[in-house]
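Here the structure comes first, spelled out in structure tokens, and everything after it is commentary.
To find a chain, count down the sequence lines: A is the first, B the second, and so on, and within it residues start at 1. Just so you know, these numbers use all the heavy atoms, side chains as well, and skip hydrogens, waters and symmetry mates.
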Amino acid sequence: MSISIDTIKESLRKKGFVETEGGKHNKWFFYHNGKRTSAHIVFSRTPKMKNFDDSLLNFAKSELKLKTNGDVKDLWNCPMSREQYVEKLISYGVIDGE
Amino acid sequence: MGSQALDYALQRQTRGTFVVRGGEKNYTEHSPLARCNVRSEFLVLTDEHALVVERSPWTMKTEFLNNLPLERGRVELSWPLKIETALSGDYFITSNDDLDVRSYGNTPEESRQNFCEIFEEMLDLYNNSKDEELSGDAIRLKALFDKIIKS
């Protein structure tokens, strides 16, 4: 199974991720209360790669600071709302709960 | 499918990454063919000229680096940076969890190159950020990035 990188980016944008300008690699960071968090994902510069393969889910899980591959898919496929994602990041100590 | 290759595939452990060499084609490194085979539960060669000749040592590799080749030149690090390169499905992933830097690539070399580039981009990003612009764990990472390069 794989998902188009464009679909992932669109979903991330809706959840509060912002693309960082500059550099060779495509970096998306999650912002909370106007501050940049460590939750992010980098789409490496890999020629011809248009889809994100399931074999990279562990990579995405670490980047997005989630605990399961299912959570990553929920974040991308929309069942997980921005608010639910924030709750998880707060409970994992990734961001401050203000 | 070459009968020699099939015999090899059925007789030996076939999971992992393989270096293959073909009759007409010569695969001298981790080829798309080899990685394609890894996806299966057992090795199935799709190129009749391909022969498995060697099991790759690239299942997992851990290194401690005292310096990194960046675009700005080779930089000395304040402490040895542990990086791991591992095979995940069809991709190689290089990572350092302490600095939260990861990359992937089609080959170990590409993944490692991407890692160095992403490291430098993260370094610049955190060095140019103020604490008040960051939240939670990002502040800790900024402190690490501020110290990692030996001045």
Side-chain angles (χ1 to χ4, degrees), chain A residues 1-2 5 16-66 69 72 85-98, chain B residues 17 32 35-36 38-40 60 70-71 84-107 109-126 128-145:
Chain A
M1 289 286 290
S2 66
I5 288 179
F17 282 77
V18 177
E19 185 176 6
T20 302
E21 303 265 328
K24 295 177 180 173
H25 301 270
N26 203 212
K27 303 176 290 297
W28 290 71
F29 279 87
F30 182 68
Y31 279 71
H32 179 58
N33 291 337
K35 295 182 177 183
R36 198 177 75 230
T37 73
S38 62
H40 73 284
I41 187 162
V42 178
F43 298 102
S44 291
R45 185 168 53 96
T46 302
K48 297 180 184 173
M49 184 173 173
K50 292 187 176 151
N51 292 315
F52 206 82
D53 196 273
D54 265 5
S55 59
L56 289 172
L57 278 175
N58 280 333
F59 167 88
K61 186 174 68 179
S62 301
E63 298 264 278
L64 297 168
K65 311 292 176 277
L66 289 169
N69 291 348
V72 175
Y85 183 52
V86 166
E87 279 177 23
K88 285 184 183 291
L89 294 184
I90 291 172
S91 70
Y92 300 152
V94 176
I95 60 178
D96 300 325
E98 300 161 6
Chain B
T17 306
R35 285 184 292 99
C36 179
V38 174
R39 188 183 288 176
S40 307
M60 176 114 175
L70 305 182
E71 260 191 19
E84 291 182 338
T85 300
L87 182 66
S88 176
D90 287 349
Y91 296 93
F92 289 89
I93 295 176
T94 302
S95 61
N96 174 270
D97 288 339
D98 292 338
L99 290 173
D100 203 20
V101 177
R102 293 168 203 88
S103 64
Y104 53 84
N106 287 314
T107 64
E109 294 76 19
E110 182 182 276
S111 183
R112 172 80 172 269
Q113 173 70 25
N114 286 339
F115 180 88
C116 290
E117 291 174 359
I118 293 168
F119 173 93
E120 186 162 22
E121 291 178 19
M122 290 294 197
L123 178 72
D124 291 340
L125 195 61
Y126 277 104
N128 293 324
S129 301
K130 297 173 184 169
D131 279 4
E132 51 268 31
E133 298 169 343
L134 304 173
S135 174
D137 199 42
I139 297 170
R140 179 190 67 82
L141 288 170
K142 174 177 167 47
L144 287 176
F145 274 108

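- Between the side chains of A:His25 and B:Glu121, no donor-acceptor pair is found at a separation under 3.5 Å.
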Open item on the list: Show, in sequence, the C-alpha distance, side-chain angles and deciding distance for B:Asp100 and A:Lys65, and conclude whether the side chain to side chain contact (heavy atoms under 4.5 Å, CB included) test is met.
Closed with: CA-CA 10 Å; B:Asp100 203 20; A:Lys65 311 292 176 277; 2.8 Å; yes

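- The minimum heavy-atom distance between B:Ala138 and A:Ser38, with the atom names listed, is CB-N, 3.8 Å.
- Of the two parts of B:Ile93, only the side chain, counted from C-beta on, holds a non-hydrogen atom closer than 4.5 Å to a non-hydrogen atom of chain A.
- Of the residues considered (A:Thr20, A:Val94, A:Asp54, A:Leu89), A:Val94 shows the highest number of contacts with chain B, using heavy-atom pairs under 4.5 Å.
- In this structure, chain A has no heavy atom under 4.5 Å from any part of B:Glu120.
- Contact annotation for B:Leu141: only side-chain heavy atoms (C-beta onward) come within less than 4.5 Å of a heavy atom of chain A.
- The pair B:Arg102-A:Glu63 counts as a salt bridge, with a side-chain nitrogen and a carboxylate oxygen less than 4.0 angstrom apart.
- Only the side chain of B:Ser129 comes within contact range of chain A, with at least one heavy atom under 4.5 Å from a heavy atom of that chain.
- Per-residue heavy-atom pair counts under 4.5 Å with chain A were compared for B:Ser103, B:Ser95, B:Ser111, and the maximum is reached by B:Ser103.
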Task: Stepwise side chain to side chain contact (heavy atoms under 4.5 Å, CB included) test for B:Lys142 and A:Arg36 - done: CA-CA 11 Å; B:Lys142 174 177 167 47; A:Arg36 198 177 75 230; over 6 Å; no

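- Residue A:Tyr31: no heavy atom, backbone or side chain, is found under 4.5 Å from chain B.
- Considering B:Phe92, B:Tyr104, B:Phe115, B:Tyr91 in turn, B:Tyr104 is the only one that fulfils the ring pair (Phe, Tyr, Trp, His ring centres under 6.0 Å) rule with A:Phe59.
- In this structure, the portions of B:Leu125 lying under 4.5 Å from any heavy atom of chain A include both its backbone and its side chain.
- A donor-acceptor pair under 3.5 Å is absent between the side-chain atoms of B:Ser135 and the main chain of A:Ile95, judged by distance alone.
- Interface remark: of the candidates B:Asp97, B:Leu134, B:Val101, B:Leu134 forms the most heavy-atom pairs closer than 4.5 Å to chain A.
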